[in-house]
Amino acid sequence: MLVSRPRGTSDILPVEAARWRRVEARLHRLFLLFGFGEIRTPVFEHADLFERGVGEASDIVEKEMYVFPDRAGRRLTLRPEGTAPVVRAYLEGGLKTAPQPVKLYYVSTPMFRYSRPAAGRYRQFHQAGCEVIGAGGPLADAEAVALAHACVEAAVPGGAQVLLNSIGCPECRPSYREALRDHYRDRLAELCPDCRRRWERNPLRLLDCKDPGCRHLAAAAPVPLTHLCSACRAHFEAVRWFLEAAEVPYRIEQALVRGLDYYTRTVFELGHPRLGLQASLGGGGRYDGLVEELGGPRTPAAGFALGMERLLEAAAEEEGRGETREQEGDGSGLAAERGGGGGLPAWEEAPPLLFVAAAGGEGVRRECLALALAARRRGIPAEIDLLDRSLKAQLKHAARLGATTVLILGEEELARGSVLVRDMADGRQREVAREEALTAVAGRD
Ligand code: AMP
C-alpha cells in the first residue's frame, strides 16, 4: 500500500459505525432529556485559546497539542479538548445574555492529541460531553455527575463507577499547593523528570503521575480535601448530599486531581469494571475561573467529557460476555439501529418539557433533583432550577423554556408526600401523591 493512515488514527467501518450511531443516539437523547442544546465548534482554533484556557503547565499544552501555522502565519491548533472552545463560543455567540444557565452538549466530537499511541489512547479520538455555564451551586455539580453516570450506563448498562473529589478554589488551593511542595521538597531527586517540572509549575499533578517512584511518594502526600476552606467544604458536602438523593453511587478518591488547570472545587472521573480502573472513561468538574480567563465576566461553570472509543470498547467487552440484549440481525448493524436504543422513545418524539420547581429550602431542592431524574428515566425531558430562584421566577423561567407542566414541591407537600401539578396553559393546579405525579405528567396531551 502506498500510504497508510497516520499513527494513532482509526477508520470506522460500517458494522462498527452502526455501533457508534447506536451509542450516539442514546447520548443525544440523554442530553436532550436533561435540557441541553447541541453545540458544534470548529475542529481547529487559535492555539492561544488552549494555552490560556487549559493552562501552559498542563500535559496537553506542554506536550500534546498539534500546533501549526496556516498560510498567513496564524498559530492554529487541532482542538485537543472541548471545554475551552464551548466557553469561547458561549462568549462569542452572545449566549451570556440568554437565560442562565446555558446548557450545551456535544457528541462524537473529534479531538487531537499528540500522545504516544497505546491501548485506548489515540491521536485522533472522539468525545461526548457537556457544559453548564452560569450555575455555581452544588446542585449543578450533582446534576452533571448524575448525567455523566447516566451516559455511561446508557452506553454500557450496569456498573458505571464515579470517583469524586474536591480540589478547592483560589482561596484555599495556594496553601494546599505549598503543603504539597513541602512534602516533596527534600525528595525531588526521586521524582521523574516530568514531576520535577510539575513540582515547580503545577504541583497538583504530582498526585496522578503513573511512574512507580512518584506513586510511592504520592501515597503519603497531603490531599486536597484536608486543606479545603469552609466554603469549599460545605460545597463538597452538599454535592455528596444531592448525589445521595439522586441515587448515584460514587466513591471519594482523595488523590483525584484531573489533568487540566481550569478545575475548581468538584472534580470527578467515570470508570467501568470492563475497562479496569486505570482506564478512565471520562471526567469533569467545576471550572469557575475559565469564562473570566477567556475574557468574559465572572461566571461559574461545570461539565464533563467522555471518551467515545473507550465507551464503545467497554460496550463491546460487555457484549462479548454474552450479555447482549439486542440482536444485530444481518450483521450490517441496521437492525440494531432501528431500535433507537435503550427502549426509550426516539428523541424527536420526546414529550414536552416538564419543569420541577422548588418552593422551599435545600431539602426541597434535593427532592426536585430526584423527581427530575425520575422523570428523565421515564423519557420525560425535565428541568430544575439551578440558580436558587424564587418560585415566581422559576415559573417565569419554566415558561421561557417552553415547559407545558410544572411540578411544584414545597415544604408542606414534601411533608405530605405530595406535589402540585400546574398546567402552564391555564395556570390550574392540583395536588397529587408524589408517586403518581409522573404518571399524571406522562398522560398529558
Ligand atoms: P480528558 O479530556 O483528558 O479529561 O479526557 C476525557 C476522556 O477522553 C478520557 O477519560 C478518555 O476516555 C478520553 N481520552 C482522552 N485522551 C484520549 C486519547 N488520547 N485517546 C482516546 N481517548 C482519550
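Whatever order the structure lists them in is the order used to number ligands and atoms, beginning at 1.
Contacts between Leu270 and ligand 1, counted as non-hydrogen atom pairs separated by less than 4.0 Å, are absent for every part of the residue. With a heavy-atom cut-off of 4.0 Å, Arg258 touches ligand 1 through its side chain alone. No part of Glu81 comes within 4.0 Å of ligand 1, judged by heavy-atom distances. For Gln127, every heavy-atom contact with ligand 1 shorter than 4.0 Å involves the side chain, none the backbone.
Short contacts between ligand 1 and Ser280, defined as distances under 4.0 Å to a heavy atom of the residue, involve ligand atoms 9 (C), 10 (O), 11 (C), 12 (O). Contact atoms of ligand 1 toward Gly282: 7 (C), 10 (O) (distance under 4.0 Å to a heavy atom of the residue).
Remark: Arg376 qualifies as a cation-pi partner of Phe34 under the 6.0 Å distance and 45° angle criteria applied to the six-membered ring. For the pair Arg75 and Phe68, the cation does not sit on the ring face, since its NZ or CZ is not both under 6.0 Å from the ring centre and inside 45° of the axis.
Within the structure, the closest approach of Arg121 to ligand 1 falls below 4.0 Å when heavy atoms are considered. Heavy-atom distances between Arg113 and ligand 1 reach below 4.0 Å in at least one pair.
Remark: the backbone N or O of Asn202 is not paired with any side-chain donor or acceptor of Arg198 at under 3.5 angstrom.
Annotation: atom 13 (C) of ligand 1 to nearest protein heavy atom, Gly307 CA, 3.6 Å. In terms of protein heavy atoms, atom 21 (C) of ligand 1 is closest to Gly120 O, 3.2 Å. Ranking protein heavy atoms by distance to atom 11 (C) of ligand 1, first place goes to Arg310 NH1, 3.5 Å.
Between Arg365 and Asp385, at least one side-chain N (NZ, or NE/NH1/NH2) sits under 4.0 Å from a carboxylate O, which counts as a salt bridge. A salt bridge links Arg251 with Glu253: the distance from a Lys NZ or Arg NE/NH1/NH2 to an Asp or Glu carboxylate oxygen falls below 4.0 Å. A salt bridge is defined here as a Lys NZ or Arg NE, NH1 or NH2 lying under 4.0 Å from an Asp or Glu carboxylate O, and Arg181 with Glu178 meets this definition.
For Thr264 and Tyr287, the side-chain atoms include no donor-acceptor pair closer than 3.5 Å. Remark: the Tyr66 side chain and the Gln124 side chain contain no N/O donor-acceptor pair separated by less than 3.5 Å.
Comparing heavy-atom distances from atom 14 (N) of ligand 1 across Phe112, Tyr122, Phe125 singles out Phe125 as nearest.
Considering backbone and side-chain atoms alike, Leu281 places an N or O below 3.5 Å from some N or O of ligand 1.
Relative ring orientation between Phe31 and Tyr105 is described as parallel, the plane-to-plane angle staying below 30° on a 0-90° scale split at 30° and 60°.
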